[in-house]
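Note on naming: letters A, B, ... go to the chains in the order of the sequence lines (proteins, then strands), and numbering restarts at 1 for each one.
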Amino acid sequence: MELNVKLDSFEGPLDLLLHLIDKNKVNIYDIPISLITEQYLEYLGEMKRHDLNIMSEFLVMATTLLDIKAKMLLPAEVTEEGEEIDPRSDLVQQLIEYKMYKYMSYELRDRQIDAAKNFFKGKSLPKEVEEYQVPVDMAELVGDMNLVKLQEIFKSMMKRQVERIDPVRASFGKIEKEEVSMEEEMEKMEQYVLSHKKFSFREILAGSHSKVKMIVVFLAILEFMKMGKITITQEHTFDDIIIESCME
Amino acid sequence: MNKTKAKAAIEAILFSFGESVELTKIAAALEMNKDVVESLVRELMDEYEAENRGLQIIELEQAYQMCTKRAYYDNLIKIKEQPRKHVLTDVLLETLSIIAYKQPITRVEIEKIRGVSCGHAVNKLVEYNLVQELGRLDAPGRPLLFGTTEEFLRSFGVNSVDELPVLKPDQIDEFKAQAEQELNAMEQVGI
Amino acid sequence: MNKTKAKAAIEAILFSFGESVELTKIAAALEMNKDVVESLVRELMDEYEAENRGLQIIELEQAYQMCTKRAYYDNLIKIKEQPRKHVLTDVLLETLSIIAYKQPITRVEIEKIRGVSCGHAVNKLVEYNLVQELGRLDAPGRPLLFGTTEEFLRSFGVNSVDELPVLKPDQIDEFKAQAEQELNAMEQVGI
């Protein structure tokens with residue numbers, strides 16, 4: 001057999017198999033497995049070995065073929081209904097499905113060539129339409145927001161601003177590096193949860209003077225939530241978050 | 001708004017937006033019932049079929065878009081450059097046809113059909129905006145599901161994925177039966 | 001090419017350009033005499049005048065352009081209106097509340113309170129006509145001062161800014177005291 005066709009030109013092992021079936025003019029439902037396996041392995045021998053990824057895909061098929069070949073030599077397995085199982089049937093199924101999509105891909109290519117003959121155009125809205133500003137529906141925009149809620153938001157923000165100014169650190173003259181250990185914080189938090197049962201998120205964060213500590217406290221809370229040791233609730237946006245213990 | 005004016009308005013909308021416009025949007029713009037608008041668009045599409053029109057209206061899954069008829073490509077290409085479509089290799093086309101017919105589909109399923117890995121091909125198709133992520137499969141590992149885009153329909157001249165040419169997945173068996181019949185017929189005549 | 005097809009081709013050309021196309025260009029695409037093409041364009045223009053068309057062809061010094069008839073501008077605007085949904089996000093509400101209670105206020109002062117930049121939020125509030133520029137502060141850089149608008153008062157049901165329940169300076173001291181108390185309580189349990 002001539003090996004003038006390089007493996008690179010095949011999309012994969014199925015593609016190569018279809019080529020061999022076609023070339024030998026054999027029936028896909030009755031593949032002469034010895035012949036095809038032999039030819040398949042010959043191709044593989046010719047294959048450039050530099051791309052292991054491609055190579056491995058072809059090798060998987062080679063083992064499948066050899067496996068089928070071996071099974072063909074043994075007495076046929078029989079289904080519950082007493083029908084003989086053809087060891088090739090799975091491969092045939094796969095080949096037919098692949099062949100169908102391959103056929104469809106040619107069909108798609110033709111369609112793409114035809115469809116490229118349609119010209120589309122971009123947006124060309126008249127100036128008056130382009131410049132039109134959609135009026136804002138104030139009732140919809142403001143929704144159920146009202147002055148009382150707005151004031152709550154303002155208050156909570158002023159409070160946050162005060163809290164950002166660290167009262168303790170401000171009285172210190174120098175900055176000390178703070179070692180924060182997750183384990184330690186978890187332990188402390190667990191005790192706090194046990195002794196307080198119900199407390200506020202802000203309350204607990206106020207004790208954290210460094211970003212690292214805040215993050216660790218936050219992580220500890222998340223961790224406890226995950227473990228089901230606490231539940232959290234928040235009535236409205238901007239409200240304080242209430243943490244409750246679930247531990248006995 | 002009478003029927004004639006409504007159709008004229010649809011024409012104006014499709015022309016000036018250029019891109020595809022959803023049926024619901026057209027209906028809202030006309031302040032008319034969706035079903036009525038759909039039948040009007042269809043009437044308009046039919047009218048555009050007439051020989052004296054150089055344009056056509058295409059359907060893309062519940063959306064419509066105006067474009068030139070293919071017959072005038074030769075005239076247009078003389079004075080206007082057609083934006084280049086991506087050249088799709090065999091690998092890309094195969095992968096695309098599998099996605100088109102089996103969507104929503106995971107990468108592993110595509111690979112099972114093709115017998116080779118296809119991560120690169122899928123990424124390329126997503127990059128070309130022919131394929132998109134459709135969400136995740138509710139299965140171990142929550143793999144991504146892929147499907148075709150509106151751009152796919154436009155690029156391949158298909159109205160909807162349901163209207164893809166011939167074979168649908170459930171037709172594989174039929175296809176097989178046919179092939180077997182042919183085979184038997186051939187054997188009978190001794191080929 | 002017969003007259004009907006030539007006119008259809010002209011329609012396709014004018015559509016695909018969207019902008020004005022010179023007569024010479026159209027003639028080149030059709031490989032037809034300029035004068036013949038001109039008379040064909042005029043015929044087409046007349047046909048477009050019919051009531052059932054939403055488009056028109058206008059002439060611009062030996063060039064032609066396809067565009068929407070003015071009568072259908074309202075329909076186009078309705079489509080533009082559809083996707084927009086305005087909401088006051090948390091960021092906008094925070095910024096608005098600061099402006100409402102601290103007006104007139106500069107952007108830098110707002111940022112000092114919020115701890116993050118707010119240029120985008122302020123612009124958005126101005127666009128929504130809830131906030132307006134009140135002038136400039138007599139300070140280095142002469143920064144803009146912002147305050148609430150009449151629309152704000154109307155929308156939030158206030159008669160005048162004086163009616164805004166104001167936070168008094170001693171309330172801020174109270175916050176500070178509260179914060180310190182909480183802090184001490186926490187330190188006692190060692191957090």
[X] versus [Y], closest heavy-atom pair with distance:
X: C:Ser16; Y: B:Thr68; result: CB-CG2, 4.1 Å
X: C:Phe15; Y: B:Cys67; result: CE2-CA, 3.6 Å
X: B:Ala12; Y: C:Gly54; result: CB-O, 3.7 Å

With a 4.5 angstrom heavy-atom cut-off, is it the side chain or the backbone of [X] that approaches chain B, or both, or neither?
X: C:Phe17; answer: both
X: C:Glu31; answer: side chain
X: C:Lys69; answer: neither

_Residue part contacting chain C, namely of B:Tyr48, when any heavy atom lies under 4.5 Å_ =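 For B:Tyr48, the side chain is the part near chain C, not the backbone.
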_Interchain contact, B:Asp74 with chain C, by part (heavy-atom threshold 4.5 Å)_ =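 The answer is neither part of B:Asp74.
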Atom [atom1] of residue position [X] - does it have more than 12 heavy atoms of other residues, nucleotides or ligands inside 6.0 Å?
X: B:Arg154; atom1: CZ; answer: yes
X: B:His120; atom1: NE2; answer: no
X: B:Glu127; atom1: CD; answer: yes
X: C:Asp46; atom1: CG; answer: yes
X: B:Asn2; atom1: CG; answer: yes

*Can you tell me how far the CG atom of C:Leu44 sits from the CG atom of B:Asn52, to the nearest 0.5 Å?*
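Nearest 0.5 Å value for the CG-CG distance: 9.0 Å.
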_Distance, nearest 0.5 Å, that separates CD1 of C:Ile13 from NZ of B:Lys80_ =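 Reported to 0.5 Å precision, the distance equals 11.0 Å.
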_For chain C, which candidate among B:Glu47, B:Gln56, B:Lys7, B:Glu51 shows the most heavy-atom pairs at distances under 4.5 Å?_
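Ranked by contacts with chain C, first place is B:Glu51.
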*asked:* I'd like to verify something: which residue of B:Lys3, B:Met66, B:Arg53, B:Lys5 has the highest number of heavy-atom pairs under 4.5 Å with chain C?
replied: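 The answer is B:Arg53.
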*Can you check whether B:Ala29's main-chain N or O pairs, donor with acceptor, with C:Asn75's side chain at less than 3.5 Å?*
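Judged by distance alone, yes, a pair lies under 3.5 Å.
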